[in-house]
Every structure is written in structure tokens, then in C-alpha cells.
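What follows is a set of notes on a single structure, which appears directly below.
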Amino acid sequence: MSSLSSRIDATIIDPIIPTLGGINSVQCVYSNARRKKDKSCNMITFLSTLMFFAAMTTVSGSPSSIPPSQQQQQQQQQSTNDPTTTQPQDCGLYLAPSTIPGAGLGVFAGNKPYKKGDRLAPPDIMIPAYDMTWHNDDKGYHFLWDEYTWSTTMFPDMEDDIEDPFEQSSIISSGFGAAINCMLPLVNVADYESDGYGDGYQLTTSGVSSQSPGAGAFTPMTGRIFVASKDIEPFSELYADYGEGYFSGRSSYDSVPLFDDYEKADKLIGRYMKRLEAMKSNASIKEDLELVDLLNTTEFENDMWNFMIETRAIWRESRLLHALPGPNTSIPELENLMEFGGTGMQHYNSSIKSQEWMKEHGQCMDNIHDGVSNIPHAGRGAFASKFIPEGDLVSPAPLIHIPDRRILRVYEDHDHPETPHHHQLLLNYCFGHAESTLLLCPYGLLNFLINHDAKNPNTKIQWSKKHRHPEWFNESINEWGHSYHNGLSFDFVALRDINPGEEITIDYGEEWEAAWQEHVKRFDNPRPKYIPAFELNKMDDLIIPTYFEVDYQYENVLMFCRQHFFPTAFEAKPYRFGFEEEEDYGEYYLCRAFSRNETSRTYTVEVIEREDCANKGNYEVVVKTYKDTPKLILFDIPRDAFFFRDIPYTRDHHQFWSFRHDMRIPNDMFPDIWKTDDVVGDI
């Protein structure tokens with residue numbers, strides 16, 4: 001073999017060593033087992049390195065994006081719909097281990113295909129997490145939900161929730177939005193869009209007035225709808241678009257390929273295959289039959305490719321290297337991949353599971369749907385979509401852990417950290433225990449909507465048999481609580497037969513029930529006239545009170561008039577609200593009704609000009625100028641001219657008197673090792 005290696009050095013390597021600047025000194029990375037085969041390790045290492053770096057020097061340009069062929073799709077369809085296998089239950093969505101390595105669980109289509117535009121799941125509710133850094137006094141804190149939240153810029157009505165929502169707040173989209181993963185080239189799910197903007201997102205009190213003890217105890221943000229952005233095969237994993245910023249902004253995802261990396265990988269593979277073919281056709285090599293035989297073996301080609309892939313161990317954060325297909329990818333496989341869409345499509349087939357695989361690994365997610373609860377003061381609830389027998393799964397519930405519940409405290413100031421003013425709304429959607437700081441928050445389709453029934457619940461929680469980290473049951477919170485991925489799951493299980501349309505309920509525990517009853521007993525709403533702006537704007541027949549009757553500012557609402565109804569010569573400076581794509585985007589003037597014509601239902605309106613104020617937010621200027629002298633008086637203004645907005649931090653869920661309490665994990669389920677010594681008073 002030494003003579004063969006010498007001939008390779010003489011015919012291929014020696015003439016170009018001067019141009020490589022020491023690349024021949026790369027050490028061989030093959031194991032001893034590899035060396036025992038009758039090959040020249042140094043030769044393979046050198047050739048692989050040479051071709052790899054040669055290709056790396058010119059990875060530019062954009063490959064064409066070619067979808068899988070119709071024949072490939074038909075073959076995949078046949079494999080997933082084989083009539084000889086047992087058909088799974090009629091389930092539209094499954095929770096199962098993700099195709100993405102290390103991603104935990106993912107969402108998969110059920111046993112029927114989806115067409116582009118089809119609605120995939122019941123709408124999500126959204127819970128705001130606001131000013132977390134400030135309320136934790138700018139100290140470090142562990143909040144695993146940060147890996148699952150969405151930007152508030154997606155939800156226009158968040159503008160009025162706090163003063164700086166786009167910088168200081170995030171949205172927990174608790175169902176589909178928390179469960180679905182992202183693989184950028186295979187994204188097949190999008191938010192529902194209507195009239196070119198937005199989703200089904202809306203603000204609603206769900207029929208619970210601000211005079212109810214339940215006011216502020218649940219989120220008003222609901223209706224986020226997800227649809228198929230392309231045709232989806234049965235049992236395919238579903239992927240949403242997190243945006244490239246999600247991966248580029250987190251150091252733990254430094255190796256995740258972005259779109260540009262897949263394009264570069266396609267070009268690299270193209271040059272790799274050309275150079276490999278050119279090397280085989282080299283005239284000096286063709287004269288050496290033994291060398292030709294070696295270069296034309298599949299094993300040699302695999303060795304060449306595997307060496308490139310093994311360099312991931314050196315450049316662990318290279319997005320480009322991780323865009324390349326894995327070890328032992330043959331030349332025919334590379335050619336097929338490039339023909340059907342490039343490296344971005346390499347996980348397409350593996351993202352589509354078989355029926356048998358789904359029966360073994362998946363849990364049905366769509367046994368329940370949403371609606372307005374039958375329980376007084378509860379808001380929305382979850383209802384059975386089909387008959388659920390006793391003992392069967394109602395809904396799987398992966399858990400987000402919060403090791404120290406104190407991070408959800410809300411303060412007026414930091415002078416008295418032991419006496420919080422309130423708690424984040426998220427607390428109401430999590431499970432805890434009286435002897436631990438741990439909170440476990442379930443996500444998944446509509447799990448946040450399962451309400452409480454102390455007397456006749458039809459469902460219970462139990463530990464799932466499918467845990468990512470079952471060893472955590474034998475470890476203290478300090479050992480696993482700061483992990484930046486989830487590892488535990490509940491199952492919601494039927495206590496009795498549940499008929500279609502029945503509301504799903506569980507028992508939140510005696511401590512929760514006692515706290516709720518005490519809250520109801522003491523409740524005395526200090527804002528008896530308050531109606532949130534998002535409800536006022538829905539009231540087309542609303543009789544606008546004059547400011548002699550109701551001063552909206554004192555009721556935490558600001559009233560504006562649309563410029564559309566003003567004379568064209570009016571030159572006062574308006575406020576500009578919202579996004580340009582929104583229906584209500586435009587210019588508005590702060591105004592108040594001076595008098596009302598009962599016959600024509602029109603109003604005489606006083607208009608207040610916007611005051612420019614350096615270094616002050618829009619709302620601070622609004623409140624400051626609200627009592628100023630009117631700039632203009634207009635007559636015969638109709639109801640449609642008026643538009644309302646909430647003053648930040650005034651919605652019910654921000655009020656200190658709104659109910660807060662975590663649901664409780666039964667004592668017989670809670671491991672003693674999770675109990676903590678630093679139990680705090682607000683537990």
C-alpha cells in the first residue's frame with residue numbers, strides 16, 4: 001500500500017502542495033479501526049480537505065428551489081396510507097417526538113392531508129409576559145418560556161397593554177404556537193391572514209364584565225389561528241416560521257442553518273461533485289489502474305464525504321457545515337437531493353412518519369375545542385370534540401418549568417421586594433405546590449382553557465408515560481430547574497365517559513378553591529363604570545356620553561376622533577396609531593363629546609391638538625394634553641367618528657385586585673425531592 005500512496009502523492013498531491021500553504025499537514029481524523037483497513041489515511045485526509053476547501057472558496061449564488069417530484073410525493077403518499085396497516089383513530093393533530101434532533105416534541109398532521117389554506121387547530125389564547133426584567137430588578141432570572149414566546153409586534157392591540165410593549169413584553173401563544181417547531185426550509189404553517197393583514201387575533205372579555213370577580217383572572221387575548229401555508233401530507237411534522245432572528249439571536253442555536261447557508265451548501269455540493277469527477281478523469285490517474293479502482297469505490301466516496309462532515313467537530317458553530325447532509329451520503333443521494341430542492345429538502349422525507357410510528361409514539365391533540373365557558377366568571381373553556389371514554393387521553397400537556405415562582409411577582413417599586421404588588425397573569429395558568437417554589441405550566445392545544453370544578457370534574461391530571469427527562473423525578477430542582485428545554489409532561493385523562501360538547505374540567509385543588517371563594521367574598525370592583533376600549537370599539541350603537549356624564553380618562557380609556565370626519569382645512573397635529581396594514585390605521589385627534597343630539601344621534605365635539613413633547617411617550621403626551629383648551633369645535637359628528645384606546649396598565653389583568661393563584665399538583669403526585677426550604681409567603 002505504501003507504493004500506492006507514493007504514486008498518489010506524486011501524481012496528485014506534490015504538484016499542488018505549494019498552492020495549499022501547509023494543508024497537507026492536516027492530521028488524520030480516522031479511528032484506529034479505519035486505519036486497519038488497507039488504505040492510506042493521509043491520502044484520504046488530504047484529498048478530502050483539498051476538495052472541501054477548494055469548494056468553500058467559491059460558495060456563492062442561489063440554487064433553484066425545486067419541490068419534490070410528483071412521483072416522489074405519490075410514493076410517500078402510498079407509504080403513509082398503506083391500507084394493509086391498521087388505520088389510527090380519526091385524529092387531526094398529534095404530539096410526537098420531533099424530526100429535529102434535540103428539539104423534544106413536535107406537532108404532526110393526523111391521518112388526513114391538509115390543503116393550502118386549511119385551518120389546522122383551534123385558536124390559541126395569548127398571555128402577555130410584561131416588564132419581566134424590571135420586576136426582577138434587572139437581575140438574572142430563569143424563564144424557559146422565553147424559548148416559546150412570540151414578538152408582540154405580531155399582535156397590534158398589545159400597543160395599549162403597557163407603555164413599551166415591543167421592547168418590554170412578549171406573548172405566550174399557549175397552544176399551537178408553543179408546541180410547533182421550526183425548520184426554516186420546510187415551513188408549512190402560517191398565521192391566518194385576512195384582507196392582507198393579521199390573524200384571527202382579537203381582544204374579548206368572553207362575556208365577563210369588569211364587575212365580575214373573574215375580571216382580570218384570564219387573558220383577553222385570543223383567536224390566533226394557524227393555517228397550512230402549503231399542501232401537507234398525512235403524519236407530516238408541522239413547522240412554523242420563527243424568523244431567522246430567533247436563531248441568530250440565541251447563542252444556543254449558532255449551528256442552526258439559515259436560508260443563506262442552505263444556498264451555500266447547495267453550491268458547495270455542486271462543486272464537490274464536479275471536482276470529484278474531475279479528479280477521477282485526471283489523465284495521470286487513469287494510467288494507474290490500482291488507483292482508479294480505489295477512487296471509483298463507494299467506500300472511498302463515503303470516506304471523502306464523511307471527512308467533510310466530521311469537520312463539524314472542529315467548527316461546531318458552522319451553520320454551513322450543519323446544512324450539509326449527514327455521514328455516508330452517497331453521490332447518487334446527493335444528486336437526487338439537488339434535483340428535488342437542494343439541501344433544504346434533506347429532512348422532508350424523514351418529517352413524514354408512518355401510521356405505525358405515529359400509533360407508537362404520538363398522542364392525539366385535537367380531542368377538545370374552545371368556546372365560552374358554562375362556569376360563571378370563567379371566561380373561555382375547553383369542550384370535548386368527540387366521545388372520550390373513561391380512562392382515555394383528553395389532551396397531552398408538555399410542561400414548561402419555572403424553578404422559582406418569585407420571578408412572576410409584579411412590583412410598584414423595588415423598595416419592598418418582600419411585598420409584591422401583584423403577579424404576572426401567567427401564574428393562573430401554571431401548576432404548583434404549597435411546599436415548593438416550582439411551577440409547571442402546561443402547553444398544547446387548549447390546555448390553558450381547562451377550567452375548575454371542585455365537585456364534579458370529569459378529567460384529572462396524571463404524569464405522562466412519555467417524558468424527555470424521567471430522571472428529573474429523582475433529582476432536586478437545583479439540579480435540573482435551569483435547563484433550557486422542557487423535560488416533563490402531564491396527561492389530562494377522562495375520569496368518566498365524556499360526551500361531545502361537554503366542558504372539560506379538573507379540580508384545581510383545595511387551596512385554589514379556598515383562595516377563589518375568599519376572593520369572591522371580598523370582591524368590590526373600584527371601577528364600576530369601566531368598559532375596556534376594545535369592547536367599546538365593538539359597540540356600533542353605543543351612545544357616547546358627554547364629558548359632563550362620563551369622563552373616559554378617569555375610567556382609564558382615551559377617546560379619539562378619526563380625521564376622516566374633519567374639514568380638510570384643519571391643520572392640527574394628529575396622533576398616528578397602529579400599523580399601516582391595519583383597518584384602523586390612520587390619523588386621530590384626542591376629542592370629547594360636548595353635547596349630543598338625541599334625534600340625529602350626532603355630537604358636538606371638542607378637539608384637542610396634539611402637543612409635541614421631547615423624550616416623552618405618546619400616552620404621556622395624551623394624558624397631559626387631555627384637559628387643555630380645545631383647538632376646534634365640530635358639529636354633527638356621527639358615532640363612527642369615535643375610536644377608543646386603553647391607557648397602558650389599566651386593563652383588568654393589570655389591576656392588583658384581579659385574582660391570582662396557581663393550580664395545585666396533588667400531594668401524591670409531587671416528589672418530595674422537589675420540595676424546597678425557601679418557601680415564600682405568596683405560595
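All values below come from the heavy atoms of this structure, side chains included, with hydrogens, waters and symmetry mates left out.
- With sequence neighbours excluded, the residues that form a ring-ring contact (aromatic ring centres under 6.0 Å, His included) with F594 are F548.
- Note: F523 and W657 have perpendicular aromatic rings, judged against thresholds of 30 and 60 degrees for the angle between ring planes.
- Within the structure, every pair that satisfies the side chain to side chain donor-acceptor pair (under 3.5 Å) test and touches residues 513-524, not counting sequence neighbours, is listed here: H452-E513, E513-Q517, E518-R522.
- Not counting sequence neighbours, the partners of H654 by the ring-ring contact (aromatic ring centres under 6.0 Å, His included) test are Y130, Y649.
- Using cut-offs of 30° and 60° for the angle between ring planes, the Y443 and Y148 rings count as tilted.
- Checked against side-chain hydrogen bond (donor to acceptor under 3.5 Å, both in side chains), T205 has the following partners two or more places apart in sequence or in another chain: E535.
- For E244, there are no salt bridge (charged side-chain N to carboxylate O under 4.0 Å, His left out) partners, not counting sequence neighbours.
- Between W512 and F659, the ring planes lie perpendicular to each other; the angle is over 60°, past the 30° to 60° tilted range.
- For C430, the disulfide (SG to SG under 2.5 Å) partners at least two apart in sequence or on another chain are C441.
- L120 has its side chain within reach of F176: a pair of non-hydrogen atoms, C-beta onward, lies under 4.5 Å apart.
- Between F656 and H421, the angle of the ring planes lies from 30° to 60°, which puts this pair in the tilted group.
- For R380, the salt bridge (charged side-chain N to carboxylate O under 4.0 Å, His left out) criterion is met by D370, not counting sequence neighbours.
- A search for side-chain hydrogen bond (donor to acceptor under 3.5 Å, both in side chains) contacts involving R639 returns nothing, not counting sequence neighbours.
- Residue-environment remark: NZ (K538) exceeds the threshold of 12 foreign heavy atoms within 6.0 Å.
- Side chain of K230 to backbone of V187: a donor-acceptor contact under 3.5 angstrom is found.
- For the 3.5 Å distance criterion, the side chains of H369 and S385 qualify, holding a donor opposite an acceptor.
- Geometrically, R592 engages Y547 in a cation-pi contact defined by less than 6.0 Å to the ring centre and at most 45° from the axis.
- E502 meets the salt bridge (charged side-chain N to carboxylate O under 4.0 Å, His left out) test with R496; sequence neighbours excluded.
- Taking the centre and axis of the six-membered ring of F226, the NZ or CZ atom of R224 falls outside the cone set by 45° and 6.0 Å.
- Partners of Y239 according to the side-chain hydrogen bond (donor to acceptor under 3.5 Å, both in side chains) rule, which considers only residues two or more places apart in sequence or in another chain, are E237, S351.
- Counting heavy atoms from C-beta on, the side chains of D161 and H653 come closer than 4.5 Å.
- Taking R119 as the reference, nothing meets the salt bridge (charged side-chain N to carboxylate O under 4.0 Å, His left out) condition, with sequence neighbours excluded.
- Side-chain contact between N428 and D662: absent, with no pair of heavy atoms (C-beta onward) separated by less than 4.5 Å.
- Applying the ring-ring contact (aromatic ring centres under 6.0 Å, His included) test to Y429 and every residue at least two apart in sequence or in another chain returns F448.
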